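So the structure is just underneath, and the comments pick up after that.
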There are 2 protein chains.
Amino acid sequence: MANAEPGQPGTATRILDVAERLVQVRGYNGFSYADVADELKMTKAALHYHFASKAELGEALIERYSLRFFEALAAVEERTPDAPLRLHGYAGLYAQVLRDHRMCLCGMMVADYETLSPPMQDAVVRYIQDNRQWLSGVLSQGRDVGTLVFDGSPGDVASMIFGALEGAMLIARLQGDVSGFESSVERLLASLLPLARSSARSAS
Amino acid sequence: MANAEPGQPGTATRILDVAERLVQVRGYNGFSYADVADELKMTKAALHYHFASKAELGEALIERYSLRFFEALAAVEERTPDAPLRLHGYAGLYAQVLRDHRMCLCGMMVADYETLSPPMQDAVVRYIQDNRQWLSGVLSQGRDVGTLVFDGSPGDVASMIFGALEGAMLIARLQGDVSGFESSVERLLASLLPLARSSARSAS
DNA sequence: GTCTATACAGCGATAGAC
DNA sequence: GTCTATCGCTGTATAGAC
């Protein structure tokens, strides 16, 4: 609790780093304590000292991922008050994940949802709700000032965007490059711009 | 091979039925031969008689799912030559899956992609390509006759639609009802209609 | 075609020494 | 905080009787 991002990462952090990548690549049910231990040249027992159970490790993974993600989102908000640019920045965070050949951690967890512990399930649901809420806020704001145009409730559009983004990540990962993802996202966001229906070049 | 849909399903079919549902709900790494055997009141050994390995069972699952899906798609094509209605029918197939509280089988397999056998990976990739190709065809046709309007290549739009659909399924499954999925799909398809940018009520 | 029985590796998890 | 050692269980898979 006393260290946010120290010079040398502590053991718990290194465990989380490895486990996070494994979940993002192989899924929650596709990795084991042994995988993490081997990579860190530790024993499984040592891992259990830091995270008593796999479910606790899973909770910590979602918590940290969510925290970092919304910190990065706050930075996006600081960079620009423009709603379309904020959406672009939002998508950019996911593009960055994909560039690392990873799927969104919580997107993976959603796929494995039925096999997760109740606390993990709750954490995943919270992450999704928070995403929707953030998107809803940006959408409302953009519509209010006329930089975004859409029918229906901001919440519905937010759900659509979030789902489309997760799905685009899932699929784009198979092709090894992010261009497919970026193309889909650009198309999606362009449909929210005024003057849509023509050539859809927009944000930088 | 001699029976397509007989009166009493054979053992292999019953195994596939149970395993299919388990994959769609829990993921490929979230179920075991024991789960299937218990449900069918058989032994694991009996399962191995029909499907020598889990990977072979997995291949058979993807093959059958893909076959059935594109048969259903052919039926959609027979019902209407109208591109927007065909897209609506396409999405309806996935809505039906969701109504059963299941995720798309191949969507689940995509999440577990890195842990699949090479033949399973190939089968999943083929399913996605076939989806894209079908969508591309409908999109081209619709654009040619003016019932659909979009920028860029049909292939890019097809990828976007497919990804968005899979993502919407993944997320909608958590909420227990299909209304969120249908809302997202309707919004997505509406953006391809001429006259978009107004109230987006369309197909029945 | 299904069974019993079993092999054998891997899993998450614990005990106790250091 | 990490180790060795091990437990109990589940995983996929096989041998051989019926």
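Convention: sequence-line order gives letters A, B, ...; per-chain numbering from 1. Predicted, not measured: the structure shown is a model, and the values here were computed from it.
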Of residues 15-31 of chain B, the positions that come close to DNA chain D - non-hydrogen atoms, cut-off under 4.0 Å: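 Residues of residues 15-31 of chain B that come under 4.0 Å of DNA chain D are, in numerical order, B:Phe31.
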
Inter-residue atom distance B:Tyr90.OH - B:Leu165.CG, 0.5 Å rounding: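 The OH atom of B:Tyr90 sits 6.0 Å away from the CG atom of B:Leu165.
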
Note: A:Arg14-A:Glu39 ion pair, threshold 4.0 Å (strictly below):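 No, this pair does not count.
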
Salt-bridge present (B:Arg86, B:Glu78; N to O < 4.0 Å):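 Salt bridge absent between B:Arg86 and B:Glu78.
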
Residue mapping more 5' on DNA chain C - nearest nucleotide basis, A:Ala52 or B:Arg14: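 Residue closer to the 5' terminus by nearest nucleotide: B:Arg14.
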
Closest to the A:His48 side chain, choosing from C:dC3, C:dT14, D:dT12: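 Nearest to the side chain of A:His48 among the choices is C:dT14.
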
Without decimals, in angstroms, what is the distance between [X] [atom1] and [N] [atom2]?
X	N	atom1	atom2	answer
A:Leu57	C:dC11	CG	P	14 Å
B:Phe51	C:dG1	CZ	C1'	14 Å
B:Tyr49	D:dA15	OH	P	16 Å

Counting just side-chain N and O atoms, does [X] come under 4.0 Å of either OP1 or OP2 of [N]?
X	N	result
B:His50	C:dT2	yes
A:Thr11	D:dG1	no
A:Ser32	C:dC11	yes

Sub-4.5 Å side-chain heavy-atom contact between B:Thr115 and B:Asp112: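 SC-SC contact between B:Thr115 and B:Asp112 confirmed.
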
Note, A:Leu87 side chain near A:Leu135 side chain (heavy atom, < 4.5 Å):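 Yes. Closest side-chain heavy atoms under 4.5 Å.
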
Over all atoms of both residues, closest heavy-atom pair of B:Ala91 and B:Phe181: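 Reported closest heavy-atom pair: O-CE2, 3.8 Å.
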
A:Ile161 to A:Leu188 - nearest heavy-atom pair and separation: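 Taking every non-hydrogen atom into account, CA-CD2, 4.1 Å.
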
Audit row: B:Tyr33, B:Phe51, ring-ring contact (aromatic ring centres under 6.0 Å, His included) steps and yes/no: CA-CA 10 Å; B:Tyr33 267 46; B:Phe51 301 97; 8.2 Å; no

Residue-level proximity of residues 33-45 of chain B to DNA chain C when a heavy atom falls under 4.0 Å: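 Residues of residues 33-45 of chain B under 4.0 Å from DNA chain C: B:Lys41, B:Met42, B:Thr43, B:Ala45.
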
B:Gln175 atom CD: more than 12 heavy-atom contacts under 6.0 Å: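 Yes, enclosed.
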
